[in-house]
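First the structure, in the form of structure tokens, and then the observations on it.
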Protein chains: 2
Amino acid sequence: MKKNVSLEKRKTFRHGDLRNALVTAGLEMARAGGPNAVILREATRQAGVAPNAAYRHFAGQAELLDAVRSACLSRVAAAIEDEMKKHKAGRNPQAFARKSLHAVGMGYLGFAMREPGMFRTAFSVPPPVHSPDPANTASMGLNPFQLLSLALDRMQESGLLNRKDRKGAEYLAWSTVHGLALLALEGPLHKMPREMVLALGERLVVMVERGLS
Amino acid sequence: MKKNVSLEKRKTFRHGDLRNALVTAGLEMARAGGPNAVILREATRQAGVAPNAAYRHFAGQAELLDAVRSACLSRVAAAIEDEMKKHKAGRNPQAFARKSLHAVGMGYLGFAMREPGMFRTAFSVPPPVHSPDPANTASMGLNPFQLLSLALDRMQESGLLNRKDRKGAEYLAWSTVHGLALLALEGPLHKMPREMVLALGERLVVMVERGLS
DNA sequence: ATCGAAAAGTGAACACTGTCCACAAATGCC
DNA sequence: GGCATTTGTGGACAGTGTTCACTTTTCGAT
């Protein structure tokens, strides 16, 4: 649909939506080859525009990459939300809390296995820390970090986690799944089959549950 | 300063040790800027040699990077060994096992904080999995993965870990510290002060200990 | 409605990268 | 001593990010 934009030479001198076109092209490159495959000139080529035109919308390639990364982060958040929405709050808050934490971890890992390029792009270079940047968020309006915090809050509220252990628990839980994801994607475990990675992920989440408190 | 080597033009037409010189230069670039800062032409420049000369020793930039990564991995292993050697086996095997595992984790994290560029380079792109490649090893002849296995073996032998849970425990333990390291180095936590990262690391290792079994 | 400033695109250039080719010099081996 | 093999040179090419001067379009104030 919107690819035609790149093929048929546009009639208007102005492109009209160049910034979005560039980000979209960059996103596709990130999907295919990770962060350092997002090439500025190639994006302009796909948008049917001269290379320098990009500089009217981005200060440079780094800024384009930033925009692409935001888009990738948003996808990660969406994947986590999808996983969380599979379980509704029932009459057992502790079971719900466990399921929530589990969903965050496995949603994260599942996306990493499903979309390696986007995942690697999302967490490659310095993104601002807990930015409430609306571009990073999915429908619930929370980024991956905040979704994790939500799950941990449920753990605490349901009595599975005391206040002492709650502090900084985000970082501990996040580290585990993030580490496994990167070891499997671009680390020494990159040959391990995905289902085995996900199985390890299950054990990992259990370990976190047990080890946090 | 150190680059006199590059400044004084060599008398011999042959360089004599070009391969090593290139790896050394590459290692310094990796230290300063991570994996994609190791530039082939720059290495030849520092070695005082024409760019193409590198192709007599490496098939291309990727292969040079591979050699540099091996060197980095070796440093990681050395850091872990240093940490492990701080504790000798006493009369309490369980305490020794715990200290060993702790040392592996903190040696790993400590190196990551101390030498971010080298660490990121060591684990950036696909290295062969558990290669007994002697280039990746330090004085004990073990790479980081094997050092971790050793520590976990001690856990099992001393009865802290049963056979069921021992299987694949390397990957679970490794994931945690690796994840924290990368989140802190090139992820959303890159602004967190190092001592706080190390403090989190302590909690993380404890969590692993408790959560594994 | 006009006209002028600002926005958005073009074209040509530069420095830098990795890589390949044909050739020259040094080494070592018989 | 002569000769093949290694090792380095010089010159070239495509691809990248980036900048500068210029043109075209749009839009808002008069």
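Naming convention: chains lettered A, B, ... in sequence-line order (proteins, then strands); numbering from 1 in each chain.
- Under the 30°/60° scheme for interplanar angles, the aromatic rings of B:F119 and B:F123 are found to be tilted.
- Separating the CG atom of A:N36 from the C1' atom of C:dG18 is a distance of 14 Å, rounded to the nearest angstrom.
- Summarising the geometry, the separation between CG on A:L18 and C1' on C:dT10 is reported as 13 Å, rounded to the nearest angstrom.
- Look at B:D153 and B:R166 and you find a salt bridge, because one of the NZ, NE, NH1 or NH2 atoms lies within 4.0 Å of a carboxylate O, short of that distance.
- In this structure, NE2 of A:H15 is placed 14 Å from P of D:dT26, rounded to the nearest angstrom.
- For the residue pair B:H102 and B:E202, a side-chain donor N or O sits within less than 3.5 Å of a side-chain acceptor on the partner.
- Straight-line distance from the CG atom of B:L64 to the C1' atom of C:dT17: 14 Å, rounded to whole Å.
- Along DNA chain D, the nucleotide closest to A:A62 and the one closest to B:D17 are compared, and the more 5′ of them pairs with B:D17.
- To the nearest angstrom, P of D:dT18 lies 11 Å from CD1 of A:I39.
- With DNA chain D read from its 5' end, the first of the two nearest nucleotides for B:A53 and A:E42 is the one closest to B:A53.
- The shortest distance between the side-chain N/O atoms of A:R19 and the OP1/OP2 oxygens of C:dG9 is not below 4.0 Å.
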- [ ] Could you walk me through whether A:E115 and A:R75 pass the salt bridge (charged side-chain N to carboxylate O under 4.0 Å, His left out) test, one step at a time?
- [x] CA-CA 10 Å; A:E115 292 289 354; A:R75 307 290 188 103; over 6 Å; no
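- Whole-Å rounding puts the B:L22 CG to C:dG18 P distance at 12 Å.
- The side chain of A:R56 sits closest to C:dA8 out of C:dA8, C:dT19, D:dG17.
- Mapping A:H57 and A:R41 onto DNA chain C by nearest heavy atom places A:H57 at the nucleotide closer to the 5' end.
- For B:Q61, the listed nucleotide lying nearest its side chain is C:dG18; candidates were C:dG9, C:dG18, C:dT10.
- Listed candidates were C:dG9, C:dG18, C:dT10. Nearest to the side chain of B:Y55 is C:dG18.
- Here C:dA15 presents its C1' atom at 11 Å from CZ of B:R45, a figure rounded to the nearest Å.
- Tested against B:L109, the residues B:L180, B:V205, B:V104 include a single side chain to side chain contact (heavy atoms under 4.5 Å, CB included) partner, B:L180.
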